[in-house]
Amino acid sequence: METEFITGAEALMRSLEHHGVTTIFGYPGGSIMPTFDALYDHTDRLNHILVRHEQAAAHAAEGYARVSGKTGVCLVTSGPGATNTITGIADAMIDSTPIVVIAGQVGTSFLGSDAFQEVDLVGITQPISKWSYQIRRAEDVPLAVAKAFYIAGSGRPGPVVLDFTKNAQVSKFQYKPVSVDFIRSYVPVPETEPNSVAEAARLINAAKHPFALVGQGVELGNAHQELKDFLEKADIPCGTTMLGLSAIESSHRLNKGMLGMHGNLGPNVKTNECDVLIAIGMRFDDRVTGNTETYAKQAKIIHLDIAPSEINKNINVDVAVLGNCKDTLRQLAGMVYPARHTEWIESFKKYEDEEYYKVISKEISPGEGPLKMGEVARAVSEANGNKAVLVTDVGQNQLLSARYFKYSQKRSIITSGGLGTMGFGLPAAMGATYGAPERTVCAFMGDGGLQMSIQEFGTIMEHRIPVKMILLNNNYLGNVRQWQAMFFNRRYSFTPMMNPDYMKIAEGYGIESCLVETRKDLPEAINRMLNAKGPFLLEVRVIDEGKVLPMTPPGGTVSEMLLDC
């Protein structure tokens with residue numbers, strides 16, 4: 001049999017297919033042109049989505065990964081094409097999202113010469129990626145790709161960057177597919193110490209007022225059932241981080257709501273009243289803890305996490321249980337006693353009632369006056385039977401849609417948590433429609449965030465991506481304005497926004513759209529959006545100086561949330 005020699009570019013295509021890739025988000029350019037030429041012959045198996053900006057390619061790959069549980073892929077050129085993905089790489093790193101970013105690079109003979117569109121991509125991305133590697137020879141492609149997918153998707157997921165030199169793309173070699181399930185010195189899942197599980201179980205069994213904090217690690221570890229088995233057996237109420245909102249159904253009797261600066265009152269207050277605090281797949285972010293000097297000082301703290309680096313990083317804990325929470329929760333559930341904490345669980349109701357009366361009822365049932373963001377989010381959620389995927393941008397639209405959406409299925413919220421990236425929502429929603437084509441994807445955005453990625457209307461137009469876009473328009477950079485009102489004496493420094501006619505813009509891109517300014521028109525407009533076959537832009541004019549409440553003031557304690565301001 002005659003040996004087949006192929007180019008590095010062709011080897012990349014075959015390697016992607018070998019690792020189960022079906023969708024790529026990208027943008028061509030000079031240094032990646034040989035690879036795009038190879039892609040031309042693989043479009044029956046690799047669906048390439050031409051975005052309008054490389055940052056959108058990275059965010060779309062994130063949205064794809066977050067909703068599907070697979071690794072997202074984006075393909076760009078060198079220089080500015082590569083650097084335009086940096087925000088997406090950093091976003092994926094801090095939110096533990098598995099993506100592989102493949103960027104073209106000048107030939108090896110030009111490296112270090114300041115050649116046209118040359119940047120040191122490996123040097124730039126090493127601090128914000130799990131692994132960054134430069135492919136200098138065609139024969140290195142199969143192993144590099146195999147390592148990339150193994151590292152990105154294993155352990156605590158994250159972004160991997162492959163810097164693909166032009167000579168490696170065009171040189172030929174004898175190709176063989178490669179798979180990797182072990183890399184020396186890389187330990188994706190640490191060994192679980194049996195003694196730590198036993199000690200955690202001992203503390204839980206002795207607890208009178210246990211409380212669990214549920215993070216995205218449950219979603220990443222596919223530990224949804226294990227979480228419920230553990231909580232239900234030990235009768236432990238829980239709160240969730242924003243990224244962990246769909247790790248357990250909103251309607252579950254033990255789910256007491258969202259933690260954090262703009263979370264629900266009960267789970268925040270009870271964090272400082274419980275006697276045992278069990279953190280599951282979360283990293284004690286400052287937006288969750290508030291002032292760490294006053295955080296859960298009365299409690300014994302147990303931390304279940306896959307990343308040793310997170311243990312004692314922000315909050316000192318009494319017991320650390322390392323490992324994938326799918327396994328550690330199963331082990332823990334086998335050792336805790338069946339329990340009933342009826343009085344403790346019922347004590348949350350006081351705070352639920354207070355928050356509903358002072359905050360929630362005014363947001364979702366305001367009666368007269370301008371529309372509010374929360375009521376729009378709740379109406380869209382309920383119209384979907386609480387089964388849609390929520391994708392948000394960043395700001396008030398993010399916080400209020402996350403609070404008032406309801407979740408009945410796993411992997412139902414995609415948002416930029418740790419980095420807080422404006423412009424994330426629209427491209428992430430595009431990616432989500434490819435990651436879960438059977439589900440309705442609803443993208444909530446503010447007028448500020450939409451204008452950071454509005455060029456992606458072109459991608460949506462070309463591919464008829466059926467994303468449902470809800471623009472909550474208040475003519476402000478709303479969250480910054482809220483802080484200016486509360487902490488800067490209402491000095492609105494460059495937060496008012498002059499907005500275009502979004503209906504005309506949508507029309508220009510062939511996207512069906514509707515503008516809602518009054519409450520009576522909202523239900524019909526939502527139904528029209530959800531029944532549209534393709535993409536739809538629903539612009540809702542909302543109250544211009546609305547607030548996201550409750551709120552823990554910066555530097556404040558979770559016990560002292562503001563219900564009015």
Problem - Phe487 CZ: over 12 foreign heavy atoms closer than 6.0 Å - result: yes
Exercise for the section: Please check if the side chain of Asp275 supplies one atom and the backbone of Lys208 the other of a donor-acceptor pair under 3.5 Å. Expected result: yes
Exercise for the section: Establish, from distance only, whether the side-chain atoms of Ser412 and Ser246 form a donor-acceptor pair under 3.5 Å. Expected result: no
Problem - Close side-chain approach of Met93 to Lys130, heavy-atom, < 4.5 Å - result: yes
Exercise for the section: Flag yes if more than 12 heavy atoms outside Tyr186 fall under 6.0 Å of its OH atom; otherwise flag no. Expected result: yes
Handout entry: OG-CD distance between Ser361 and Glu375, expressed to the nearest 0.5 angstrom
Key = 12.0 Å
Practice task
Identify the heavy atoms of Gly266 and Glu355 that sit nearest to each other, and give their distance.
Solution key: N-OE1, 4.4 Å
Handout entry: Pairs flagged by salt bridge (Lys or Arg N to Asp or Glu O under 4.0 Å) wherever residues 308-317 is involved - sequence neighbours left out
Key = Arg156-Glu310, Glu310-Lys313
Exercise for the section: Would you indicate whether Glu438, at its atom CD, is surrounded by more than 12 heavy atoms from other residues, nucleotides or ligands within a distance under 6.0 Å? Expected result: yes
Practice task
List the steps, then state whether side-chain contact (heavy atoms from CB on, under 4.5 Å) holds for Met373 with Leu399.
Solution key: CA-CA 10 Å; Met373 292 187 184; Leu399 300 166; over 6 Å; no
Exercise for the section: Take atom CD of Glu382 as the centre, draw a 6.0 Å sphere, and report whether it contains more than 12 heavy atoms from other residues, nucleotides or ligands. Expected result: yes
Exercise for the section: Could you tell me which non-hydrogen atom of Arg403 sits nearest to which non-hydrogen atom of Asn264, and how far apart they are? Expected result: NH1-ND2, 3.7 Å
Exercise for the section: Rounded to the nearest 0.5 Å, what's the gap from CG on Leu220 to CD1 on Ile306? Could you check? Expected result: 8.5 Å
Practice task
Run through Glu219, Met258, Gln216 and flag the one making a side-chain contact (heavy atoms from CB on, under 4.5 Å) with Leu245.
Solution key: Met258
Practice task
Check whether any side-chain heavy atom of Cys325 sits under 4.5 Å from a side-chain heavy atom of Glu226, and report yes or no.
Solution key: no
For residues 423-437, which side-chain donor-acceptor pairs fall under 3.5 Å, sequence neighbours excluded?
residue	atom	partner	partner atom	Å
Thr433	OG1	Met430	O	2.6

Problem - Non-hydrogen side-chain atoms of Glu545 and Arg490 separated by less than 4.5 Å - result: yes
Practice task
Answer yes or no: is there a donor N or O on one side and an acceptor on the other, between the side chain of Asn272 and the main chain of Thr294, under 3.5 Å?
Solution key: yes
Handout entry: Rounded distance [0.5 Å steps], CG in Asn324 versus CG in Asp305
Key = 10.0 Å
Handout entry: Short side-chain to backbone donor-acceptor contact, Arg439 and Lys387, under 3.5 Å
Key = yes
Problem - Pairing of Arg378 and Glu363 as salt bridge, 4.0 angstrom limit - result: no
Fill in the blank from the handout: Heavy-atom nearest pair, Ile204 first then Ala234, reads CG2-CB, 4.4 Å
Handout entry: Donor-acceptor pair between Gln331 and Thr192 side chains, under 3.5 angstrom
Key = no
Practice task
Mind running salt bridge (Lys or Arg N to Asp or Glu O under 4.0 Å) on Glu273 and Lys270 for me, showing each step along the way?
Solution key: CA-CA 5 Å; Glu273 293 183 7; Lys270 290 298 182 178; 2.9 Å; yes
Handout entry: Gap between atom CG of Leu322 and atom OG of Ser196 - 0.5 Å precision
Key = 7.0 Å
Practice task
Give the C-alpha distance, both sets of side-chain angles, the deciding distance and a yes or no for side-chain contact (heavy atoms from CB on, under 4.5 Å) between Thr240 and Tyr407.
Solution key: CA-CA 12 Å; Thr240 70; Tyr407 311 91; over 6 Å; no
Handout entry: Glu456 side-chain N/O to Ala56 backbone N/O, donor-acceptor pair under 3.5 Å
Key = no
Exercise for the section: Could you give me the CA-CA distance, side-chain angles and deciding distance for Thr552 and Thr557, then say whether side-chain contact (heavy atoms from CB on, under 4.5 Å) is met? Expected result: CA-CA 7 Å; Thr552 302; Thr557 172; 6.0 Å; no
Practice task
Could you tell me whether the side chain of Met422 reaches within less than 4.5 Å of the side chain of Leu477, counting heavy atoms only?
Solution key: yes
Exercise for the section: Please state whether the rings of Phe211 and Phe348 are parallel, tilted or perpendicular, taking 30° and 60° as the class boundaries. Expected result: tilted
Handout entry: Listed partners of Tyr64 passing ring-ring contact (aromatic ring centres under 6.0 Å, His included), at least two apart
Key = none
Fill in the blank from the handout: When rounded to the nearest 0.5 Å, the distance separating CE of Met529 from CD1 of Ile470 is 4.0 Å
Problem - Residues Arg541, Asp447: salt bridge by 4.0 Å N-O rule - result: no
Exercise for the section: Could you tell me whether the side chain of Arg66 and the main chain of Thr415 form a donor-acceptor pair under 3.5 Å? Expected result: yes
Handout entry: Non-hydrogen side-chain atoms of Met551 and Met261 separated by less than 4.5 Å
Key = yes
Handout entry: Sidechain N-carboxylate O distance under 4.0 Å for Arg202, Glu199
Key = yes
Practice task
Report the C-alpha distance between Tyr295 and Leu277 in whole Å, list the side-chain angles of each, state the deciding distance to 0.1 Å, and finish with yes or no for side-chain contact (heavy atoms from CB on, under 4.5 Å).
Solution key: CA-CA 11 Å; Tyr295 185 78; Leu277 191 67; 4.0 Å; yes
Problem - Partner residues of His262 under the ring-ring contact (aromatic ring centres under 6.0 Å, His included) criterion, sequence neighbours left out - result: none
Practice task
Report yes if some heavy atom in the side chain of Cys274 is under 4.5 Å from a heavy atom in the side chain of Gln298; otherwise report no.
Solution key: yes
Exercise for the section: Please name all residues satisfying side chain to side chain donor-acceptor pair (under 3.5 Å) with Lys233, sequence neighbours left out, ordered by chain then number. Expected result: none
Practice task
Using a 4.5 Å cut-off on heavy atoms from C-beta on, say whether the side chain of Met486 contacts that of Leu562.
Solution key: yes
Handout entry: Donor-acceptor contact below 3.5 Å, side chain Asn205 vs main chain Tyr337
Key = yes
Exercise for the section: Mark yes when over 12 heavy atoms from residues, nucleotides or ligands other than Lys300 sit less than 6.0 Å from its NZ; otherwise mark no. Expected result: no
Problem - Main-chain N/O of Ser408 paired with Asn386 side-chain donor or acceptor, under 3.5 Å - result: no
Handout entry: Ser416 versus Asp91, side-chain donor and acceptor atoms under 3.5 Å
Key = yes
Exercise for the section: Identify, with sequence neighbours excluded, every residue that meets ring-ring contact (aromatic ring centres under 6.0 Å, His included) alongside Tyr476. Expected result: Tyr492
Handout entry: Taking every non-hydrogen atom, the tightest pair across Ser129 and Ile89
Key = CB-CG2, 4.3 Å
Handout entry: Side chain Arg330, main chain Asp229, donor-acceptor under 3.5 Å
Key = no
Handout entry: Side-chain donor or acceptor of Arg287 paired with backbone N/O of Gly418 under 3.5 Å
Key = no
Handout entry: Leu213 side chain reached by Phe284 side chain, heavy atoms, under 4.5 Å
Key = yes
Fill in the blank from the handout: Exactly one of Asp544, Asn499, Val542 clears side-chain contact (heavy atoms from CB on, under 4.5 Å) with Asn475, and that residue is Asn499
Fill in the blank from the handout: Here the pair of heavy atoms bringing Leu530 nearest to Ala383 is CD1-CB, 3.6 Å
Practice task
For the pair Asp521 (side chain) and Val516 (backbone), establish whether a donor and an acceptor sit closer than 3.5 Å, ignoring hydrogens and angles.
Solution key: no
Fill in the blank from the handout: In short, Ala247 meets Gly215 closest at the heavy-atom pair CB-O, 4.4 Å
Fill in the blank from the handout: Output for pair (Ile236 CD1, Trp344 CH2), nearest 0.5 Å, gives 11.0 Å
